Participant: 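Before I ask anything, here is the structure I am working with.
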Amino acid sequence: NATDFKVDYNGEEGFYDITMTDAGNGKWSVSIQKTVPVVADIPDQTYTGSEITPEPLVLTGSLSLNKGTDYEYSYTNNTNVGTAKVTVTFKGDYASLGSVEKKFDIVPKVTELLTLTQDQNGITAEINGSYTDNETFSLAEDISVKSITFDRTFQQGVTSTIILPFAIKSGKYSGGTFYEFQSVDYEDNKWVASMTKVSGDIEAQKPYLFVPSSDKLTIDGDVTLKACSGAEYADTKGDWTFKGVFKVKMWTTGVKTDYFFASTAATSTNGQSVNAGDFVRIGNNCCLNPFRCYLSYSGSESSLSKSEQQLPSNIEVRLIDNVASVVETDENPSDDRGDITTPVSEIIPNSGTKVWSFDKMIFIESESGLGYQIVDLSGRILKTGVTNSTREEISLGRTVGIVIVKINGKSFKVNY
């Protein structure tokens, strides 16, 4: 029995869902509801330093709509910690649905390794430099912060290894001195790792030795946390690499080519005496915590000379402290020259030995009869010899750049 029926229309334009339900006995229940779009709840989002753009579920009754074609998202206050908003705006055939909004919270990033917060002064960061568990320090992209705390306690005067996920400008840190890796050499029947004092900026993601003058490294001003994946970061010189880690690194069995830095004297599990300030071969079941470094040999033992025999169990560390420029006066200056300042030179006080470069010559001022060796930064030997006077003049015959002059048990860096 076909039945006509009608519904009063109030003039509201839009889409309507009509639902008919069999109520029995030849009767039907009819529901007519205007389609009102709804945005599903958005879970809290973690602060990243960049815009956060979640794309929540959009519910439009029985309509099946497509993002981009039928609606689009826009965002407000979606970078910093606080309350953000996403707006869904309908378009095209569905423009009559208008728009709908949904608020969501951006919360501070808090992990066991990194905490990012924000107040009226800006974004601040704290890094847990004493972390010992299994979490990895990683960032998908750079994050600029107004201030940072590196929470790690040092013992004054006890050298440690360190790698930071941010750069520090010269003069913007206190609490210790950084040394960068220069070389590992076999000299005077022992292995020596040379480290040079850093007087300029501290680079992000570069391994260093750190000699603390207080119990904390203090950083002044803003820094930028650099994106990283938790991979190891390397500073390679020749066949040796100084590596920094942003997660716990495990050695279940000893590796002949890897070396820890010993901050304090101890006795190893195999009874070996360990000297403070030496690199010591890694044994079984060892681990290295994040923001620390180790030394590794990447060459082949067959490439070692007969005098070196084999890789050592200990490597002594030499810290080269004083870097200065030496000014030499040209005895026969041309009209356009005058005094010359060498770009790079090192002087070790009270050593009786000075080394500098000038006018494509390397000068060694010392006693005569001393053996010397000149190597490039990759460790390749460029020249060896013996001083014949108290002021030896050496020519390499070609431009090389920065070289290391080794003489009298010390290393000097000059620009040739």
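Source: prediction; values computed, not measured.
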Participant: Taking side-chain contact (heavy atoms from CB on, under 4.5 Å) as the definition, give me every residue that meets it alongside Val58, ordered by chain and number, with sequence neighbours left out.
Facilitator: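 With neighbours one apart ignored, the set is Thr60, Tyr71, Tyr73, Val88, Phe90.
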Participant: Name each donor-acceptor pair under 3.5 Å that joins a side chain in residues 37-44 to protein atoms two or more places apart or in another chain, with its distance.
Facilitator:
from	atom 1	to	atom 2	distance (Å)
Asp41	OD1	Lys102	NZ	2.8

Participant: As a quick check of understanding, evaluate side chain to side chain contact (heavy atoms under 4.5 Å, CB included) for Leu164 and Val223, giving each step before the final call.
Facilitator: CA-CA 11 Å; Leu164 299 170; Val223 301; over 6 Å; no
Participant: Do Ile106 and Asn80 touch side chain to side chain, with heavy atoms closer than 4.5 Å?
Facilitator: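 No; the side chains remain at least 4.5 Å from each other.
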Participant: Start with the C-alpha distance between Phe166 and Ile127, add both sets of side-chain angles, then the distance that settles side chain to side chain contact (heavy atoms under 4.5 Å, CB included), and finish with yes or no.
Facilitator: CA-CA 11 Å; Phe166 53 89; Ile127 292 178; 3.9 Å; yes
Participant: If the condition is ring-ring contact (aromatic ring centres under 6.0 Å, His included), which residues does Phe137 pass it with, not counting sequence neighbours?
Facilitator: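 Applying ring-ring contact (aromatic ring centres under 6.0 Å, His included) to Phe137 gives Phe246, Phe291.
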Participant: Just by distance, with hydrogens left out, do Asn388 and Ser368 show a side-chain donor and acceptor under 3.5 Å apart?
Facilitator: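 Judged by distance alone, the side chains do not pair up.
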Participant: Can you tell me if Lys34 has over 12 outside heavy atoms packed within less than 6.0 Å of its NZ?
Facilitator: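 Yes - once you tally the heavy atoms of other residues, nucleotides and ligands closer than 6.0 Å, there are more than 12.
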Participant: Does any part of the side chain of Lys410, heavy atoms only, come nearer than 4.5 Å to the side chain of Thr353, both counted from C-beta?
Facilitator: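 No; the side chains remain at least 4.5 Å from each other.
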Participant: Is there a side-chain contact between Val184 and Phe279, using heavy atoms and a 4.5 Å cut-off?
Facilitator: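 Result no, sub-4.5 Å side-chain heavy-atom pair not found.
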Participant: Rounded to the nearest 0.5 Å, what separation is found between the OG1 atom of Thr177 and the CE atom of Met195?
Facilitator: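 The CE atom of Met195 is 14.5 Å from OG1 of Thr177, to the nearest 0.5 Å.
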Participant: Can you name the side-chain contact (heavy atoms from CB on, under 4.5 Å) partners of Asn78, sequence neighbours left out?
Facilitator: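 Asn78 satisfies side-chain contact (heavy atoms from CB on, under 4.5 Å) with Glu51, Thr53, Tyr75, Ala84, Phe104 only.
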Participant: Which atom pair, heavy atoms only, marks the closest approach of Ser170 to Asp201?
Facilitator: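 Scanning both residues completely, I find the closest heavy atoms to be N-OD1, 2.7 Å.
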Participant: For Ser50 and Glu141, does a side-chain donor sit closer than 3.5 Å to a side-chain acceptor?
Facilitator: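 The answer is yes; a qualifying pair exists.
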Participant: On a heavy-atom basis, which atom in Val317 and which in Asp278 lie closest, and how many Å separate them?
Facilitator: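 Reported closest heavy-atom pair: N-OD1, 4.2 Å.
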Participant: Scan the side chains in residues 231-238 for donor-acceptor partners under 3.5 Å anywhere in the protein, sequence neighbours excluded, and list what turns up.
Facilitator:
from	atom 1	to	atom 2	distance (Å)
Glu232	OE1	Tyr294	OH	2.8
Glu232	OE2	Lys249	NZ	3.0
Glu232	OE2	Tyr294	OH	3.4
Asp235	OD1	Lys237	NZ	2.7
Asp235	OD2	Lys237	NZ	3.4
Thr236	OG1	Thr241	OG1	2.9
Lys237	NZ	Phe181	O	3.4

Participant: Side chains of Ser411 and Gln182, heavy atoms from C-beta outward: is any pair under 4.5 Å?
Facilitator: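 A side-chain contact is absent here, since even the closest heavy-atom pair is not under 4.5 Å.
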Participant: Test side chain to side chain contact (heavy atoms under 4.5 Å, CB included) on Phe150 and Ile148; report intermediate values, then the result.
Facilitator: CA-CA 7 Å; Phe150 186 70; Ile148 191 164; 5.9 Å; no
Participant: How far apart are the closest heavy atoms of Ile202 and Val198, and which atoms are they?
Facilitator: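 For Ile202 and Val198, the tightest heavy-atom pair comes out as CD1-CG1, 3.7 Å.
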Participant: Decide if atom NZ of Lys91 counts as having more than 12 heavy atoms of other residues, nucleotides or ligands within a radius under 6.0 Å.
Facilitator: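 Yes, the 6.0 Å shell around NZ holds more than 12 heavy atoms from other groups.
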Participant: Going by heavy atoms in the side chains, are Val355 and Ile362 under 4.5 Å from each other?
Facilitator: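 SC-SC contact between Val355 and Ile362 confirmed.
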Participant: Looking at side-chain heavy atoms only, is the closest gap between Arg152 and Ile162 below 4.5 Å?
Facilitator: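 Yes, side chains in contact.
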Participant: Heavy atoms, side chains only, cut-off 4.5 Å: are Ile394 and Val405 in contact?
Facilitator: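 No, too far: nothing below the 4.5 Å cut-off.
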Participant: Any chance you could measure Lys383, atom NZ, to Gln373, atom CD, to the nearest 0.5 Å?
Facilitator: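 So the NZ of Lys383 and the CD of Gln373 are separated by 13.0 Å.
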Participant: Rounded to the nearest 0.5 Å, what separation is found between the CZ atom of Phe154 and the OG atom of Ser160?
Facilitator: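 Reported to 0.5 Å precision, the distance equals 5.5 Å.
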Participant: With sequence neighbours excluded, give me every side chain to side chain donor-acceptor pair (under 3.5 Å) pair touching residues 218-229.
Facilitator: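 For residues 218-229, and leaving out neighbouring residues, the side chain to side chain donor-acceptor pair (under 3.5 Å) pairs sorted by first residue read Asp142-Lys226, Ser144-Thr224.
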Participant: Any ring-ring contact (aromatic ring centres under 6.0 Å, His included) pairs touching residues 362-403, not counting sequence neighbours?
Facilitator: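 Sorted result for residues 362-403: Trp356-Phe363.
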Participant: Quick one: pull up CD1 in Ile168 and NZ in Lys172 and give me the separation to the nearest 0.5 Å.
Facilitator: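 Here the rounded value is 12.0 Å.
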Participant: With sequence neighbours excluded, tell me which residues meet salt bridge (Lys or Arg N to Asp or Glu O under 4.0 Å) with Glu55.
Facilitator: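 Salt bridge (Lys or Arg N to Asp or Glu O under 4.0 Å) check on Glu55 returns Lys67.
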Participant: Has the side chain of Thr124 got a donor or acceptor atom that lies under 3.5 Å from a matching backbone atom of Ser147?
Facilitator: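 Not confirmed, Thr124 side chain does not pair with Ser147 backbone.
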Participant: Please confirm whether the backbone N or O of Leu396 pairs with a side-chain atom of Tyr416, one donor and one acceptor, at under 3.5 Å?
Facilitator: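 Answer holds: yes.
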Participant: State whether a side-chain donor-acceptor pair under 3.5 Å links Lys216 with Thr153.
Facilitator: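 Yes, side-chain donor-acceptor contact under 3.5 Å.
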Participant: Scan side-chain atoms only and decide if Thr83 and Asp105 contain a donor-acceptor pair under the 3.5 Å cut-off.
Facilitator: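 Yes, Asp105 and Thr83 have a side-chain donor paired with an acceptor closer than 3.5 Å.
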Participant: Determine yes or no for a side-chain-to-main-chain donor-acceptor pair under 3.5 angstrom, with Thr149 supplying the side chain and Asp151 the backbone.
Facilitator: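 Not confirmed, Thr149 side chain does not pair with Asp151 backbone.
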Participant: Taking only residues two or more places apart in sequence, or in another chain, which ones meet Thr161 in a side-chain contact (heavy atoms from CB on, under 4.5 Å)?
Facilitator: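 So Thr161 forms a side-chain contact (heavy atoms from CB on, under 4.5 Å) with Leu209, Phe242, Phe261, Arg292, Cys293.
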Participant: Do Ile163 and Val245 have side chains that approach each other closer than 4.5 Å (heavy atoms only, starting at C-beta)?
Facilitator: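 Contact flag for Ile163/Val245 side chains = no.
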Participant: Nearest 0.5 Å please: distance from the CD1 atom of Ile282 over to the CG atom of Leu295.
Facilitator: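 Reported to 0.5 Å precision, the distance equals 9.5 Å.
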Participant: So, using ring-ring contact (aromatic ring centres under 6.0 Å, His included) as the criterion, who are the partners of Tyr94 when residues are at least two apart?
Facilitator: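 Expected list: Phe15.
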Participant: Counting only heavy atoms not in Asp133, do more than 12 sit closer than 6.0 Å to its CG atom?
Facilitator: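 Yes - once you tally the heavy atoms of other residues, nucleotides and ligands closer than 6.0 Å, there are more than 12.
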Participant: My understanding is that only residues two or more places apart in sequence, or in another chain, count here; which of them pass side-chain contact (heavy atoms from CB on, under 4.5 Å) with Thr132?
Facilitator: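 Listed in chain order: Asn289.
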Participant: Testing the basics here: between Gly244 and Pro207, what is the closest heavy-atom pair and its distance to 0.1 Å?
Facilitator: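 The pair with the smallest heavy-atom distance is N-CB, 4.0 Å.
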Participant: Considering all heavy atoms of both residues, which atom of Thr387 and which atom of Glu367 are nearest to each other, and what is their separation?
Facilitator: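 For Thr387 and Glu367, the tightest heavy-atom pair comes out as OG1-O, 3.0 Å.
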Participant: Phe178: which residues meet the ring-ring contact (aromatic ring centres under 6.0 Å, His included) condition with it, sequence neighbours left out?
Facilitator: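 In terms of ring-ring contact (aromatic ring centres under 6.0 Å, His included), with neighbours along the sequence ignored, Phe178 is linked to Tyr173, Tyr208, Phe210.
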Participant: What closest approach, in Å, do Arg281 and Pro312 show between heavy atoms, and which atom pair accounts for it?
Facilitator: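 Heavy atoms of Arg281 and Pro312 come nearest at NH2-O, 2.9 Å.
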Participant: Are Tyr259 and Trp191 an aromatic pair, judged by ring center distance below 6.0 Å?
Facilitator: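 Ring centres of Tyr259 and Trp191 not closer than 6.0 Å.
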Participant: Working to the nearest 0.5 Å, report the span between NZ of Lys243 and OG of Ser296.
Facilitator: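 Rounded to the nearest 0.5 Å, the NZ-OG separation comes out at 4.0 Å.
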